[in-house]
Number of protein chains: 2
Amino acid sequence: MSERTPGLRERTRLAVQKEIAEAADALFVERGFEATTVDDIAAAVGMSQRSVFRYFATKEEIVLGKFDLVVDDMLAALRARPADEAVWTSLHRVFDVLVSLAEKPGHEEMVEPIHRVVFETPALLAGYLQKLQHMQDAVVTELRDRADAAGTPYAVDDPTPRALTAAAFGCLVAAQHSWLASGAKGSFADAVDRAMATVGPRP
Amino acid sequence: MSERTPGLRERTRLAVQKEIAEAADALFVERGFEATTVDDIAAAVGMSQRSVFRYFATKEEIVLGKFDLVVDDMLAALRARPADEAVWTSLHRVFDVLVSLAEKPGHEEMVEPIHRVVFETPALLAGYLQKLQHMQDAVVTELRDRADAAGTPYAVDDPTPRALTAAAFGCLVAAQHSWLASGAKGSFADAVDRAMATVGPRP
DNA sequence: GCCCAATCTGTCAGCTACTGTCAATATAGG
DNA sequence: CCTATATTGACAGTAGCTGACAGATTGGGC
């Protein structure tokens, strides 16, 4: 009924999910996303195609599912910012969650190639942009709540929070683009900082 | 070999394409995108499914293909802006192309429902965002060319043009979102103006 | 108006992503 | 240890999409 310890069942499920994702990612990086069949992935982890689809709703989700976990972290990060902080600054700090994830040691080797697969595969890029869009919806809701709580609510038809959020996420994507285009040489954090410095809220 | 008058062949092709798109759009609005089969569309226009795919590469393109035509217009609009105009202003004016298209009389009745279908169907929203992304690539290239021609080129690793463009397009999507959320009551042009007024380039 | 090459079309066969169903198996948790 | 529940593979089926081919249609030069 309520929250309990994850439970063994749940834990094995996540473990299998991770195993599939890792095997699939390796294949995607090696042969490309479209050239890799779900049957290939199933064979690689030794299960039936049907079972792969029991862990991931779609082939895309094998790659993009990772980002769902980040959404919660990002929202938590947003809620943790002081209520009177400038919105643009809060958004910038929220992106630190993504940055630190990209720079986390261990799977550093895979982050950039997968990133590249996402940006170079039309279906994946589209799915990724859509996930960012959903994330923006959640962020906008949070920003409105925050303004309400601060006693300075936005008018219902005020596009400000959504426009600010969209602009910030636009900068994020621009940063990822620049970063990949430069061969992922500099730090990702710098790329984000630089992109977000070029634009800002109007006085 | 070179550019001639459209030619009858080409014109009939475009006519058939338009006929398919209109029949399909009606079905999409009526039953929804996913619930409508390509066979349904083929039956509606009295041809085989195979032939429908000869006019549109994918089912999504039947809806989203329209936007490809706009891209060229928008790029032309960008090139028509004075070279020394502020980038943000140029981008704002480029969006007028979209606005005037949405407000063009004749098919006004369909613009809003289709818009709604796009924003409410995950696959279509994803595809739409991806098209906007491609459009941004073209715009960024154009902005760099313009800066080069003006003798004030951007450094190759300067994220400014891309970030500005991404922020502007973010505002565009935010405007569409607000407009739809308000039941498409006010003018779309106002929605765009308001969204773009909340953000701007940093000094 | 005639003719031919280019284009269009339907049909069929096939691939891949994805889903429903069901019976068999495994196992968490009492 | 036992059973309710979750997990699985096997099979069948649908929808989107593609290649191949043969036949009908037709634009446009003659």
Side-chain angles (χ1 to χ4, degrees), chain A residues 1-21 23-25 27-28 31-65 117 121-127 130, chain B residues 1-21 23-25 27-28 31-65 117 121-127 130:
Chain A
M1 186 147 288
S2 62
E3 298 287 331
R4 298 202 112 276
T5 316
L8 182 52
R9 220 123 205 181
E10 187 71 5
R11 269 180 288 146
T12 29
R13 178 173 179 80
L14 291 179
V16 174
Q17 208 163 28
K18 192 176 174 185
E19 193 188 334
I20 297 175
D25 285 349
L27 290 175
F28 292 153
R31 321 182 191 169
F33 180 76
E34 323 228 279
T36 305
T37 288
V38 178
D39 284 316
D40 293 340
I41 301 167
V45 290
M47 46 168 60
S48 71
Q49 186 225 50
R50 190 69 183 85
S51 283
V52 172
F53 279 114
R54 285 190 175 103
Y55 285 92
F56 293 96
T58 68
K59 189 179 161 189
E60 294 178 16
E61 277 299 296
I62 302 177
V63 178
L64 300 179
V117 169
T121 307
L124 288 178
L125 178 56
Q130 195 199 346
Chain B
M1 187 146 285
S2 62
E3 296 286 331
R4 298 201 112 276
T5 316
L8 182 52
R9 219 122 205 181
E10 187 71 3
R11 269 180 289 146
T12 25
R13 180 174 177 78
L14 291 178
V16 174
Q17 208 163 26
K18 192 176 174 185
E19 193 188 333
I20 297 174
D25 285 350
L27 289 174
F28 291 153
R31 322 181 190 170
F33 180 77
E34 323 228 278
T36 305
T37 290
V38 179
D39 284 315
D40 293 340
I41 300 167
V45 291
M47 47 167 61
S48 71
Q49 185 225 52
R50 191 66 183 85
S51 283
V52 173
F53 278 115
R54 285 192 175 103
Y55 286 92
F56 294 97
T58 68
K59 187 180 163 189
E60 293 179 17
E61 277 300 295
I62 302 178
V63 178
L64 300 180
V117 168
T121 307
L124 287 178
L125 179 56
Q130 195 200 344

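In what follows, every chain begins at residue 1, and chains take the letters A, B, ... in the order their sequences are listed.
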What is the 5' to 3' range of DNA chain D, first to last nucleotide, that sits under 4.0 Å from any heavy atom of chain A?
-> dT5(D) to dA10(D)

Please enumerate all residues that pass side chain to side chain contact (heavy atoms under 4.5 Å, CB included) together with [X], with sequence neighbours excluded.
| X | answer |
| --- | --- |
| E61(A) | F56(A), T58(A), L64(A), D68(A), K131(A) |
| F33(B) | F28(B), K59(B), E60(B), V63(B), V117(B), T121(B), L124(B) |
| R50(A) | S48(A), F53(A), R54(A) |

In whole angstroms, how far is the C1' atom of dT16(C) from the CZ atom of F56(A)?
-> 19 Å

Taken to the nearest whole Å, CG/L124(A) to P/dA17(C) is 12 Å

Provide the full list of salt bridge (charged side-chain N to carboxylate O under 4.0 Å, His left out) pairs with a residue in residues 31-45 of chain A, sequence neighbours left out, each pair given once.
-> R31(A)-D40(A)

Rounded to the nearest 0.5 Å, what's the gap from OG1 on T36(A) to CD1 on I41(A)? Could you check?
-> 6.5 Å

Which sits closer to the 5' end of DNA chain D, T12(B) or T58(B), going by the nucleotide each is nearest to?
-> T58(B)

Within the distance-only criterion (no hydrogens, no angle test), does the side chain of Q49(B) pair as donor or acceptor with the backbone N or O of A42(B) below 3.5 angstrom?
-> no

Using the C1' atoms of the five pairs at each end, what is the angle between the end axes of the helix from dG1(C)-dC30(D) to dG30(C)-dC1(D), to 10°?
-> 30°

Atom pairs, protein N/O to nucleotides 3-10 of chain C N/O, distance under 3.5 Å:
from, atom 1, to, atom 2, distance (Å)
dT9(C), OP1, Y55(B), OH, 3.4
dT9(C), OP2, Y55(B), OH, 2.9
dG10(C), OP1, S48(B), N, 3.4
dG10(C), OP2, S48(B), N, 3.2
dG10(C), OP2, S48(B), OG, 2.8
dG10(C), OP2, S51(B), OG, 2.3
dG10(C), N7, R54(B), NH1, 3.1
dG10(C), O6, R54(B), NH2, 2.4

Looking only at non-hydrogen atoms, find the nearest pair between [X] and [Y] and report the distance.
| X | Y | value |
| --- | --- | --- |
| M47(B) | I20(B) | SD-CD1, 4.0 Å |
| I62(A) | D25(A) | O-OD1, 4.3 Å |
| G127(A) | A126(B) | N-CB, 4.4 Å |

Ordered by number, residues from residues 31-40 of chain B within less than 4.0 Å of DNA chain C (heavy atoms) are none

